[in-house]
Amino acid sequence: MTFPYDEANLAEVSDKVLTACLKCLTAFPTICKDDPMINFKVPSLIGFGIARGTACCLHADDLILDYSGHLLNLASRLMELARPGGIVIDGNYSKAIIPSGIRSRFAEQRVFLRGIAEDSPWTVFYLKDSVEISEFYLSPLLIEKWLRVDKTFSVAKWKKFESFEITLESAVKSPEKTKVTLIYPKKGVKGHDIIAEASQSCYSLKEEPEPCVIVDCEKMLKLAEPDVLSKATQVRIRVDYVPRPLPRT
C-alpha cells in the first residue's frame with residue numbers, strides 16, 4: 001500500500017498509517033471470523049514493514065498500474081523482520097514522525113537486510129511488545145567477514161614486557177573465530193617471511209574496557225626459530241577474527 005504525503009500533511013499521514021496498522025494487529029486474529037466466504041484456515045498474525053520516500057509509479061492516463069523501486073523493496077524486507085506479527089519501521093523514517101502517543105512502544109535496532117544492507121547494518125524501529133528480531137538479522141548476511149589487525153615490534157622491545165595488548169575494532173564472535181600468528185623474517189632470505197600460528201595458550205581475549213587480544217610475549221617468541229631472532233629483528237603479530245553480531249538494543 002502507498003500513501004502520498006507532502007510537507008504539510010506528513011505528520012497526519014504518518015499518524016493515520018501507524019494507527020491503522022496497530023488497529024489491524026489487534027483485530028486481525030478475528031477479522032475473518034463468521035465470514036461465510038472463508039472456509040479455510042487463515043493466519044492469526046500479520047506483519048507490517050513501513051518506509052517513506054520516493055517510488056516509481058507506472059500509470060496509463062489516470063489508471064495506476066504498478067509501483068516499483070528501492071522503497072518498496074525496503075518495506076518488503078522490513079515486513080520480513082516484523083513477521084509473524086508486528087511493525088518494523090525504517091530508521092530513515094524519522095522517530096519524530098512516529099506519533100508521540102505510541103513512540104515509546106518502538107525500540108531501535110541495527111540489523112542486516114537481504115538485498116538492502118548485507119554487510120553494513122541498517123537502523124530500524126520495531127514494536128517492542130510484538131516483534132522479536134531474529135539472531136539471523138544481527139550478523140552480516142554475506143560470507144563471514146574476517147577483520148585483520150597487524151602490529152610490528154622489535155624483538156629487543158618485546159623482551160622487556162611479559163605481555164601486551166592488541167586493540168580490535170569490535171568484540172570477537174568466538175575464540176574459534178580468532179587466529180593469531182607470529183610473522184618473522186626467514187633467515188638469509190630477503191623478502192620472505194615465516195608464519196607461525198599461535199595456540200590459545202599464547203594469547204587471551206578481553207572485552208573490557210575495549211576488545212583486545214592479550215599476547216604472552218615469552219610464549220609467542222618461542223614459536224620462532226631461536227637462531228633467527230636478534231635484537232634488530234622486527235616481528236609482526238597478526239590477528240584475524242570474525243566480529244561479534246550486533247548487540248540487541
* Asked: side chain to side chain contact (heavy atoms under 4.5 Å, CB included) between F48 and L25: does it pass, once the steps are laid out?
  -> CA-CA 9 Å; F48 293 99; L25 286 178; 4.2 Å; yes

Work out which heavy atom in [X] is nearest to a heavy atom in [Y]; give both atom names and the distance.
X	Y	answer
A171	P211	N-CG, 3.5 Å
F28	P43	CE2-O, 3.4 Å
V131	L81	CG1-O, 3.8 Å
R52	S94	NH2-CB, 3.9 Å
P84	L45	O-CB, 3.1 Å
E80	R77	OE2-NH2, 2.8 Å

[X] (side chain) donor-acceptor with [Y] (main chain) under 3.5 angstrom:
X	Y	result
R103	K95	yes
D216	E218	yes
N73	S76	no

* Could you list who else is in M37's hydrophobic cluster, with ILVMFWY side chains joined at under 4.5 Å, directly or through other members? => none

* I237/F164 under side chain to side chain contact (heavy atoms under 4.5 Å, CB included): CA gap, chis, key distance, verdict -> CA-CA 11 Å; I237 295 295; F164 60 82; 4.0 Å; yes

Once you round to the nearest 0.5 Å, how far does [atom1] of [X] lie from [atom2] of [Y]?
X	Y	atom1	atom2	result
L18	I87	CG	CD1	6.0 Å
E162	C217	CD	SG	8.5 Å
L182	L221	CG	CG	7.0 Å
I116	R114	CD1	CZ	9.5 Å
I89	S14	CD1	OG	7.0 Å
L168	Y241	CG	OH	4.5 Å

* T152 and V235, any side-chain heavy atoms less than 4.5 Å apart -> no

* Asked: With side chains defined as the heavy atoms from C-beta onward, is the minimum distance between L58 and S68 less than 4.5 Å?
  -> no

* To do: State which residues pass side chain to side chain donor-acceptor pair (under 3.5 Å) with S134; sequence neighbours excluded, sorted by chain then number.
  => none

* Asked: For L74 and N92, what are the C-alpha separation, side-chain angles and deciding distance, and is it a side chain to side chain contact (heavy atoms under 4.5 Å, CB included)?
  -> CA-CA 11 Å; L74 173 58; N92 294 320; 5.8 Å; no

* Under the side-chain contact (heavy atoms from CB on, under 4.5 Å) rule, collect the residues that match up with L72, sequence neighbours excluded. => A55, Y67

* Under the side-chain contact (heavy atoms from CB on, under 4.5 Å) test, which residues partner K177, sequence neighbours left out? -> E144, W146, K173, S174, V242

* SB check E12 K16 (cutoff 4.0 Å) -> no

* Asked: Do other residues, nucleotides or ligands put more than 12 heavy atoms under 6.0 Å from the CD atom of E132?
  -> no

Please tell me whether [X] and [Y] are part of a single hydrophobic cluster in this structure, the criterion being side-chain heavy atoms less than 4.5 Å apart.
X	Y	result
L147	V149	yes
L10	F3	yes
I195	M220	no
I46	I102	yes
V215	I183	no

* Would you please say whether a donor-acceptor pair under 3.5 Å links the side chains of W122 and D90? => yes

* Asked: Got a sec, which pairs hit side-chain hydrogen bond (donor to acceptor under 3.5 Å, both in side chains) with one end in residues 21-32, sequence neighbours left out?
  -> none

* All pairs passing side-chain hydrogen bond (donor to acceptor under 3.5 Å, both in side chains) where residues 199-208 contributes a residue, at least two apart -> E165-K206, S199-S201, E207-R244

* **Steps toward side chain to side chain contact (heavy atoms under 4.5 Å, CB included) verdict (L78, L113)** => CA-CA 8 Å; L78 298 177; L113 300 173; 4.1 Å; yes

